[in-house]
Amino acid sequence: MNNGLVIGDAHNMPQQNWRRWVALNKHLKKHRRDYDWLLIIGDWLEMASLSRFDITGSKAMEGARIAEDIRSGC
């Protein structure tokens, strides 16, 4: 058996809804023998606190914290 599962561009962020990860966890527990590997590609974290697309001082940038972004991926 050489079956795998690929997760792309998770974009985890603070205060997100975790339903998708709970569902994935349940699926993997139920079908753990069906997969030989799991590959996570793309952006694991959103990191909005480091975004260069928002204007400095704008409402979207207010309160952005790197530590919160990092914790969202743990």
Side-chain angles (χ1 to χ4, degrees):
M1 182 186 321
N2 193 11
N3 294 316
L5 182 64
V6 176
I7 299 172
D9 289 321
H11 288 273
N12 291 301
M13 64 185 93
Q15 291 86 36
Q16 74 178 1
N17 183 311
W18 288 89
R19 286 184 296 192
R20 62 188 171 146
W21 299 118
V22 171
L24 177 62
N25 187 41
K26 287 180 183 178
H27 174 82
L28 290 173
K29 283 182 177 180
K30 183 177 180 181
H31 299 284
R32 64 181 165 219
R33 298 184 197 282
D34 297 337
Y35 297 110
D36 298 313
W37 50 268
L38 172 66
L39 177 64
I40 301 172
I41 60 173
D43 301 323
W44 181 249
L45 299 175
E46 181 70 21
M47 296 302 292
S49 62
L50 299 178
S51 174
R52 295 178 188 250
F53 297 105
D54 288 326
I55 298 169
T56 302
S58 71
K59 186 175 181 179
M61 287 295 292
E62 186 178 333
R65 300 286 183 259
I66 292 172
E68 290 178 17
D69 283 343
I70 294 169
R71 279 193 299 273
S72 69
C74 297

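Interatomic distance, CD1 of I40 versus CG of D43, reported as 12.5 Å (0.5 Å rounding). To the nearest 0.5 Å, atoms CG (D36) and CG (N2) are separated by 5.5 Å. A distance of 9.5 Å separates CD of E46 from CG of D9, quoted to the nearest 0.5 Å. Going from atom CE of M47 over to atom OG of S72 covers 8.0 Å, rounded to the nearest 0.5 Å. Separation of atoms CD (Q15) and CD (E68) is listed at 6.0 Å; rounding is to 0.5 Å.
Hydrophobic clustering (ILVMFWY, side-chain heavy atoms < 4.5 Å, transitive): W21 and L5 are in one cluster. Put simply, V6 and W44 are part of two different groups of oily side chains (I, L, V, M, F, W, Y) that touch within less than 4.5 Å, one to the next.
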For residues 22-31, run the donor-acceptor check on the side chains, cut-off 3.5 Å, and write out each pair with its distance to 0.1 Å, sequence neighbours left out.
from, atom 1, to, atom 2, distance (Å)
H27, NE2, Y35, OH, 2.8
H31, ND1, D34, OD2, 3.1

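Of all heavy-atom pairs between A10 and R20, the closest is O-NH2, 2.8 Å.
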